[in-house]
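Quick note on labels: first sequence line is chain A, next is B, and so on, each numbered from 1. As the structure is a prediction and not an experimental result, all values here were calculated from the model.
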Amino acid sequence: MNNEVRVRFAPSPTGYLHVGGLRTALYNFLFAKRNNGKFILRIEDTDRNRYVEGAVEKLIDSLKWVDLEYDEGPNKDGGFGPYFQSERLDIYQKHIDKLIEEKKAYYCFCTPERLKNLREEQQRQKLPQAKYDKKCFHLSEEEIKQKLDSGLPKVVRLNVQPNQTVAFDDIVRGHVEFNTDNIDDQILIKSDGFPTYHWANVVDDHLMKISHVIRGEEWLSSTPKHVILYNYLGWELPKFAHLPLLLNPDKSKLSKRQGDVAVEDYKDKGYLKEALVNFVALLGWNYGDDKEFYLLDEMIEKFSLERVNKAGAVFNVEKLNWLNGLHIREKSDEELLPLFKEELAKSEYATNNYDDDFLLSIISAMKERVTFVKDFIYNCKYFYEAPTTYDEKIVKKRWKDDSADLLKQFLEAVKQMKTNDKEEWEKILHEIVEKNEIGFGRLIHPVRLAVSGVGVGPGAYELLQIIGKEEVIKRIEKALAEIPKLKEQL
RNA sequence: GGCCCCAUCGUCUAACGGUUAGGACCUCGCCCUUUCACGGCGGUAAUAGGGGUUCAAAUCCCCUUGGGGUCACCA
């Protein structure tokens, strides 16, 4: 027996990677890397009714996007494959036969109708819990053989012994106990021959030598069934760690109804993978200090299951936004450039060919004041095109009686400019301010308005430099013609 | 409803018997500043309630309340 850490992320391919799934995958990944173990991806596709075209690919793409590369899994055999449960049917069958032989599991031929009636009857009697009545467990050998031969639809159920205590120790929750009276004879093999989650999961975790089962809390109440199975099979129990749930703002389990839940939604909205991962990691885990900015490698160094919280955590987008801005600011301009170009390609300016120096100068000017990479476009459209309107509030507030005259002086000075250096912009601005003996804002505000159409943005010298001499001249001439008229109307 | 899990500012969390209950997001104020931001400083804001145990309880135990999960031939 070796004690290599092997963990798995075992999603069912329902179409996309849920952010809750991302957190589960992340903790598995961090735990594996922290302990020099293996992170395995296993696809739990045992429900053929829920088959979704392309879901596995999307799942893998999302995992790849956030840099959670698996060590073993689809197209990456580590000797424990296949990693699709739908390709392991014979394995589940082989092990179930042994269980049936030992009466630890049994065939059940009850029809869905009978099951439905049974449940309804139990509800009518206000029984504390609806459970299968074990009818088929009491079938004689002959009856079973006869029904089997006749090809009746059948399932295989777990034979749960009455009134026993099933206990296990959970790394995040501690000691947990259940009484088997509250546990149903779970179906292990469905009538279509496919295993249920419970059966496939236990068999695979054992065969794939999974050392730690790290999954969402929604699995806690079915864990005793799994424990019973491990015991029946004589297999060693893995360590369990049930993670707190991710919650909607109203504290219910995070759902699509109340916002975006797919990783790709966040990607599309322009979140950085680093920010999403950082954020989701902190939903249920912290190292014990005040650090909140994390890159994947730093998390690997510090992660431990012992410091995972028990209580569910509300997925709070505002903090995610803050982290996104933080991660943008932590990246170099050069790192940001390709991300910026991606957004540009999706924008109305896609067909324009901007050179890197221009884009880099926008990044440098705007980096401190954005939340998203796409803000490099939409928060400062004046870098890409001349303003078509002027912010009325700013016109009202900043356009004074002498503004037109000052702008004219500025225009003349601009026309004389020899370079497009920041220093020269600064110089001519200051000369006009001194000559007219006015405050700096008196000139700067009208200039900003004329050139950008708005009252906010980066520093004036940078602004002018990025827009450039020729364009500044055009914009000021236009503003001179339009703003005074606008001012009159207000 | 049965079973199980959980419970510190609005939100994410720290404090693993002894702290003026700390940090972050949000929000508000001030500073920086040509604007908006960034940044800095400061404010508002929490141990769900009740019993125990203890010299001492947010922390341990019990009850109540509240929230959540789960009770499928879905995972």
Side-chain angles (χ1 to χ4, degrees), chain A residues 10-14 44-47 49-50 85 108 110 112 115-116 119 123 126-131 153-157 170 172-174 176-179 181-184 186-198 200-201 215-224 242 244-245 247 249-253 279 282-293 306 309-323 325-326 329 366-371 379 394 397-398 429 433 439-445 447-449 452 454-461 463:
Chain A
S12 70
T14 52
E44 309 235 331
D45 55 349
T46 55
D47 184 0
N49 296 318
R50 290 215 289 179
Q85 290 186 328
C108 174
C110 291
L115 261 22
K116 186 165 165 266
R119 236 179 320 235
Q123 261 170 16
K126 295 245 192 295
L127 252 43
Q129 199 205 352
K131 271 173 64 181
K154 61 176 189 299
V155 300
V156 178
R157 285 182 182 272
D170 189 281
V172 346
R173 270 146 229 290
V176 184
E177 286 188 359
F178 291 80
N179 187 293
D181 285 350
N182 297 308
I183 301 170
D184 202 3
Q186 179 66 48
I187 291 178
L188 302 177
I189 305 262
K190 298 181 268 188
S191 59
D192 64 1
F194 277 66
T196 57
Y197 169 86
H198 309 281
N201 195 263
R215 68 207 337 178
E217 196 196 332
E218 67 264 31
W219 295 110
L220 190 61
S221 42
S222 44
T223 303
H242 287 93
L245 262 18
L247 273 24
D250 71 357
K251 302 265 189 183
S252 59
K253 187 172 157 184
F279 174 64
L282 260 19
L283 254 25
W285 170 82
N286 79 51
Y287 184 66
D289 55 14
D290 289 338
K291 186 175 168 64
E292 298 208 86
F293 181 87
E306 284 70 23
N309 278 104
K310 294 178 174 63
V314 173
F315 191 94
N316 175 226
V317 183
E318 283 181 334
K319 193 150 189 174
L320 171 59
N321 290 345
W322 167 73
L323 269 174
L326 212 54
R329 256 156 259 132
M366 295 296 294
K367 198 172 167 179
E368 300 296 308
R369 55 203 98 220
V370 299
T371 300
N379 282 9
I394 304 300
K397 188 174 168 193
R398 304 293 194 187
L429 248 12
V433 165
F440 203 57
R442 195 83 175 182
L443 172 64
I444 280 305
H445 293 306
V447 166
R448 177 187 295 283
L449 180 66
S452 72
V454 295
V456 302
Y461 317 137
L463 179 70

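Among the atoms of the strands shown, none is found under 4.0 Å from any heavy atom of Arg215(A). Across all strands shown, Thr46(A) has heavy atoms under 4.0 Å from sugar-phosphate atoms exclusively, and none from any base. Arg173(A) comes within contact range of the sugar-phosphate backbone alone, with a heavy-atom separation under 4.0 Å but no base atom that close. Across all strands, Pro249(A) comes closer than 4.0 Å to no nucleic acid atom at all (heavy-atom distances). If you check every strand for non-hydrogen atoms under 4.0 Å, Val155(A) touches a base. At a threshold of 4.0 angstrom between heavy atoms, the contacts of Pro195(A) are confined to the sugar-phosphate backbone, with no base atom among them. Using a 4.0 Å heavy-atom cutoff across all strands shown, Arg398(A) reaches sugar-phosphate atoms only and no base atom. Nucleic acid contact for Lys126(A): none, since no nucleic acid atom lies under 4.0 Å from a heavy atom of the residue. Using a 4.0 Å heavy-atom cutoff across all strands shown, Ala313(A) reaches sugar-phosphate atoms only and no base atom. Within the 4.0 angstrom heavy-atom criterion, no nucleotide atom of any strand lies near Gly439(A).
If you check G10(B) for Watson-Crick or wobble pairing at under 3.5 angstrom, you find it paired to C25(B). Across all strands shown, U34(B) forms no Watson-Crick or G-U wobble pair with both distances under 3.5 Å.
Between the P atoms of A7(B) and A24(B), the separation comes to 24 Å (whole Å). Across U27(B) and U65(B), the matching C1' atoms stand 30 Å from one another, rounded to whole Å. Only the P atoms considered, A57(B) is 26 Å distant from U44(B), to the nearest whole Å. Rounded to whole Å, the separation between the C1' atoms of A14(B) and C9(B) comes to 13 Å. Remark: the separation of the P atoms in A48(B) and U35(B) is 45 Å, to the nearest Å. If you take atom C1' in G2(B) and the same atom in G43(B), they sit 49 Å apart, rounded to whole Å. Taking the P atom of each, G22(B) and A46(B) are spaced 11 Å apart, rounded to whole Å. Between C26(B) and C12(B), the distance separating the two P atoms is 15 Å to the nearest Å.
Every residue was checked against the side-chain hydrogen bond (donor to acceptor under 3.5 Å, both in side chains) condition with Lys190(A), not counting sequence neighbours, and none meets it.
Where RNA chain B meets chain A (any atom under 4.0 Å from a heavy atom), the bounding nucleotides read 5' to 3' are G1(B) to A75(B).
Ring geometry, Trp219(A) versus His198(A): the interplanar angle exceeds 60°, so the pair is classed perpendicular (tilted spans 30 to 60°).
A donor-acceptor contact shorter than 3.5 Å links the side chain of Asp170(A) to the backbone of Val172(A).
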